[in-house]
Amino acid sequence: NNLLSTAVDECVSTQKNVLFELELEGCIYFVAVKRLSDTNLTMITLSDVTESRENAKRREEFFANASHELKTPLTAIKGFNELTAINNKDESVRKYIDSITRETDRMLTLIGDMLKVSELENAKELNPVPVSLSKVVDEAIEALSSMINEKSLKIELSGDAQVTAEPGHVYELIKNLIENSVRYNN
């Protein structure tokens, strides 16, 4: 295989290890080419990761299908509940309507989070760049402002730092932390 021989040549000439994936005869291998120190030997290790990749693909498909199958009826329940709330004249029923609203919102958020995790796990191309954490926090606070105001909370930010990361991933992480802090704050 040309890819393998090129990797071996690179490892021998640069004295640096080479790692890559190789597809061969329907199987996927994780290949490590390593120069053994203090020798003229080069070691090649092939690990069959075909089953692992197939499992990841099945998990991705399951998350996508399950979330869609769950989201559709929950959205319908939420809609019917909103109609019930509009037409409700009985205050003793109000607590049940509010409970259904809270729980369907919670489940829809959970399904959205499952989809995000699946997308993050299966991201093919990452583009790490310098990201200002204070800017991301400000954006997340703005996005969650109605939730924050509803609980009469105040969020203060001090300092700034930069990380090299995928901006969307940092935003999701920080937004999730703030959202959980607001949601579960007493």
What I'd like to find out is whether the side chain of [X] reaches to under 4.5 Å of the side chain of [Y], using heavy atoms alone.
| X | Y | answer |
| --- | --- | --- |
| Lys151 | Arg183 | no |
| Leu36 | Thr39 | yes |
| Phe20 | Leu4 | yes |
| Ile155 | Val182 | yes |
| Arg35 | Asn40 | yes |
| Leu108 | Lys78 | yes |
| Lys34 | Thr42 | no |
| Tyr171 | Val131 | no |

Can you measure from [atom1] ([X]) to [atom2] ([Y]) and round to the nearest 0.5 angstrom?
| X | Y | atom1 | atom2 | answer |
| --- | --- | --- | --- | --- |
| Asp90 | Thr84 | CG | OG1 | 12.5 Å |
| Cys27 | Arg53 | SG | CZ | 13.0 Å |
| Ser134 | Gln162 | OG | CD | 9.0 Å |
| Asp138 | Ser132 | CG | OG | 8.0 Å |
| Glu10 | Ser5 | CD | OG | 11.5 Å |
| Ile148 | Ser181 | CD1 | OG | 9.5 Å |

Hey, quick one: are [X] and [Y] part of the same hydrophobic cluster, counting side-chain heavy atoms closer than 4.5 Å, chains of contacts allowed?
| X | Y | value |
| --- | --- | --- |
| Met43 | Val8 | no |
| Leu144 | Leu110 | no |
| Ile28 | Leu46 | no |
| Leu177 | Val170 | no |

Could you tell me whether [X] atom [atom1] has more than 12 heavy atoms of other residues or ligands within 6.0 Å of it?
| X | atom1 | value |
| --- | --- | --- |
| Asp160 | CG | yes |
| Phe62 | CZ | no |
| Glu142 | CD | no |

Look only at the side chain of Asn81 and the backbone of Ile97, and say whether a donor-acceptor pair between them is shorter than 3.5 Å.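 Side chain of Asn81 to backbone of Ile97: a pair is present.
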Glu172 backbone acceptor or donor facing Asn176 side chain under 3.5 Å: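 No; zero donor-acceptor contacts below 3.5 Å.
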Salt bridge between Lys154 and Glu156, side-chain N to carboxylate O under 4.0 Å?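 Between Glu156 and Lys154 there is a salt bridge, with a charged N closer than 4.0 Å to a carboxylate O.
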Specify the closest pair of heavy atoms between [X] and [Y], including all atoms of both residues, with the distance to one decimal.
| X | Y | value |
| --- | --- | --- |
| Leu22 | Leu3 | CD1-CD2, 3.9 Å |
| Val129 | Pro167 | CG2-CG, 3.6 Å |
| Ala32 | Leu19 | CB-CD2, 3.5 Å |

Between Thr45 and Ser47, is a side-chain contact (heavy atoms from CB on, under 4.5 Å) present by the stated rule, with each step listed? CA-CA 6 Å; Thr45 307; Ser47 303; 4.2 Å; yes
With salt bridge (Lys or Arg N to Asp or Glu O under 4.0 Å) as the test, pick out the partner of Asp98 among Arg102, Lys95, Arg94.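 In the set Arg102, Lys95, Arg94, the residue that makes a salt bridge (Lys or Arg N to Asp or Glu O under 4.0 Å) with Asp98 is Arg94.
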Quick one: do Ile141 and Ile178 satisfy side-chain contact (heavy atoms from CB on, under 4.5 Å)? Show the steps, please. CA-CA 8 Å; Ile141 289 171; Ile178 294 171; 4.0 Å; yes
